[in-house]
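Note that ligands are numbered from 1 as they come in the structure, with each ligand's atoms numbered from 1 the same way. Sequence positions, counted from 1, serve as the residue numbers for this chain.
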Amino acid sequence: MTKRPVKIIDTTLRDGSHAIHYQYSVEDVKNICKGLEESGVYAAEVGHGAGIGGSTLQYGLAKEADRDILTAAASCLKNTKLAVLLVPGLGTMDDLKAAYECGVRLVRVAVHCTELDVGMQHIKLGKELGMEVAAFFMMSHMISAEELAEQFKIAESYGVDFIYMADSSGAMVPEEITKRVKLLKEAVNVPIGVHCHNNLGLAVGNSLAAYESGADFVDTTLQGLGAGSGNTPTEATVAAFNKMQVETGCDLFKLMEAGEKYVRPLVQHSLEVTNESIILGYTGIYSSFYLPTIKTAKKFNVNPIDVLVELGKRKVVGGQEDMILDVAYELSKRKDV
Ligand SMILES: C[C@H](O)CC(=O)C(=O)O
Ligand SMILES: [Mn+2]
């Protein structure tokens, strides 16, 4: 019996940007996009790690402007869709219109899992522009499967084409993924996708569990490059789907070549599961807090694990990166006492 196919959205050039301090060059983007196009992924998500408009002092300044990156990407993509992430408040309606003019045809409107309403106008604009539009629920572990299902239903009523559950902290285990995806598949009629991080070393397993439970899209990155200890590696995931005889439309060997040649040389820090990444997943902290916390803890001469544990207690979410400094400073003062 032929199994349901799965669509791969590769976000090397967006989530991967978190791991290299947003320093992709136009040449990097062209090389990686050519590799993704030849490899057959459904879409390539491109731009700052925090989405279009994300290049700010708070989140980190990008090497290149969105427009230059997106134009470069569009010049190398034909069958693979050019996608962007948009976090309302960081990305604006004008940013989305500009992205469309650059050739972007898929937008994922990313909101905190309880705040879909802030993305309603961006979803509607994306549809008016004729784009494929997804709602992308971040930090999904922070609410119950039932509450998330209610948010999915509202997103469907806004007219999205598909809906994503993002495990932004890499906090979930396979049985949680299974329970959630099955419930979400029952709740809505549009396709759903998952976006996993590898902080507990579970990204591939969780992505496969999501597929087995009915997910239609899976996010991946070449070499697993992404925030925290990275995302679901495209290469290993396609290899696993091949062994499961699940059609991805991807050429494994071309993916491995692209990852080795164009991504591996850019990796600045180990993407292995570390004590710090485990605590990200264990306490449910946003993966993009990983590098800033390690850097700030060193500056204040405190243990990054202690900073992360305290941030987890405070249930910090995206946009609260300034709490890293507060906590590191407070811990350093306690040490002085
Ligand atoms: C803006 C975030 O980095 C989006 C994402 O990749 C996640 O929530 O995970
Ligand atoms: Mn992510």
**Q** What is the closest protein heavy atom to atom 7 (C) of ligand 1, and at what distance does it sit?
**A**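 Looking at atom 7 (C) of ligand 1, the protein heavy atom closest to it is Ser168 OG, 3.4 Å.
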**Q** Is the side chain of Glu115 donor-acceptor paired with the backbone N or O of His112 at a distance under 3.5 Å, no angle test?
**A** no
**Q** What residue and atom, counting heavy atoms only, is the protein's closest point to atom 3 (O) of ligand 1, and at what distance?
**A** His18 NE2, 2.8 Å
**Q** Is a donor from one side chain sitting under 3.5 angstrom from an acceptor on the other, for Asp94 and Thr92?
**A** no
**Q** Is the closest heavy atom of Gly49 to ligand 1 under 4.0 Å?
**A**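 For ligand 1, residue contact (heavy atoms, under 4.0 Å) with Gly49 is present.
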**Q** Considering the options Tyr59, Tyr24, Tyr22, which one meets the ring-ring contact (aromatic ring centres under 6.0 Å, His included) requirement together with His48?
**A** Tyr22
**Q** In terms of atom number and element, which parts of ligand 1 are under 4.0 angstrom from non-hydrogen atoms of His195?
**A** 5 (C), 6 (O), 7 (C), 9 (O)
**Q** What part of Met139 sits under 4.0 Å from ligand 1 if we count only heavy atoms: the side chain, the backbone, both or neither?
**A**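 No part of Met139 comes within reach of ligand 1.
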**Q** Would you mind listing which atoms of ligand 1 come within a distance below 4.0 Å of any non-hydrogen atom of His197?
**A** 9 (O)
**Q** Partners of Glu310 by side chain to side chain donor-acceptor pair (under 3.5 Å), sequence neighbours excluded?
**A**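 By the side chain to side chain donor-acceptor pair (under 3.5 Å) rule, Glu310 matches Arg314.
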**Q** Do the side-chain N and O atoms of Ser207 and Thr232 include a donor-acceptor pair separated by under 3.5 angstrom?
**A** yes
**Q** Would you mind checking which non-hydrogen protein atom is closest to atom 2 (C) of ligand 1, with the distance to 0.1 Å?
**A** Tyr286 OH, 3.4 Å
**Q** Using side-chain contact (heavy atoms from CB on, under 4.5 Å) as the criterion, list what pairs up with Ala134, not counting sequence neighbours.
**A**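 For Ala134, the residues satisfying side-chain contact (heavy atoms from CB on, under 4.5 Å) (neighbours in sequence not counted) are Arg108, Phe162.
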**Q** Taking the six-membered ring of Tyr211, is the NZ or CZ of Arg4 close enough (under 6.0 Å from the centre) and on axis enough (within 45°)?
**A** yes
**Q** Exactly one of Phe152, Phe217, Tyr164 should register a ring-ring contact (aromatic ring centres under 6.0 Å, His included) with Phe136. Which one does?
**A** Tyr164
**Q** Could you give me a count of protein N/O/S atoms that are under 2.8 Å from the Mn ion (ligand 2)?
**A**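 Step by step: take the Mn ion (ligand 2), keep protein N, O, S below 2.8 Å, and you get 3.
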**Q** Between Asp28 and Ser25, is the side-chain hydrogen bond (donor to acceptor under 3.5 Å, both in side chains) condition met? List the steps.
**A** CA-CA 5 Å; Asp28 294 329; Ser25 68; 3.0 Å; yes
**Q** Could you give all pairs that pass the side chain to side chain donor-acceptor pair (under 3.5 Å) test and reach residues 117-141, with sequence neighbours left out?
**A**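 Every pair satisfying side chain to side chain donor-acceptor pair (under 3.5 Å) with a residue in residues 117-141: Tyr42-Glu132, Lys81-Glu132, Lys127-Asp161.
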**Q** Output the list of atoms in ligand 1 that are nearer than 4.0 Å to some heavy atom of Met138, sorted by atom number.
**A**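 Counting from 1, the qualifying ligand atoms are 1 (C), 2 (C), 4 (C), 8 (O).
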**Q** Which protein non-hydrogen atom lies closest to atom 4 (C) of ligand 1, naming both residue and atom, and how far is it?
**A**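 Heavy-atom neighbour on the protein nearest atom 4 (C) of ligand 1: Arg14 NH1, 3.5 Å.
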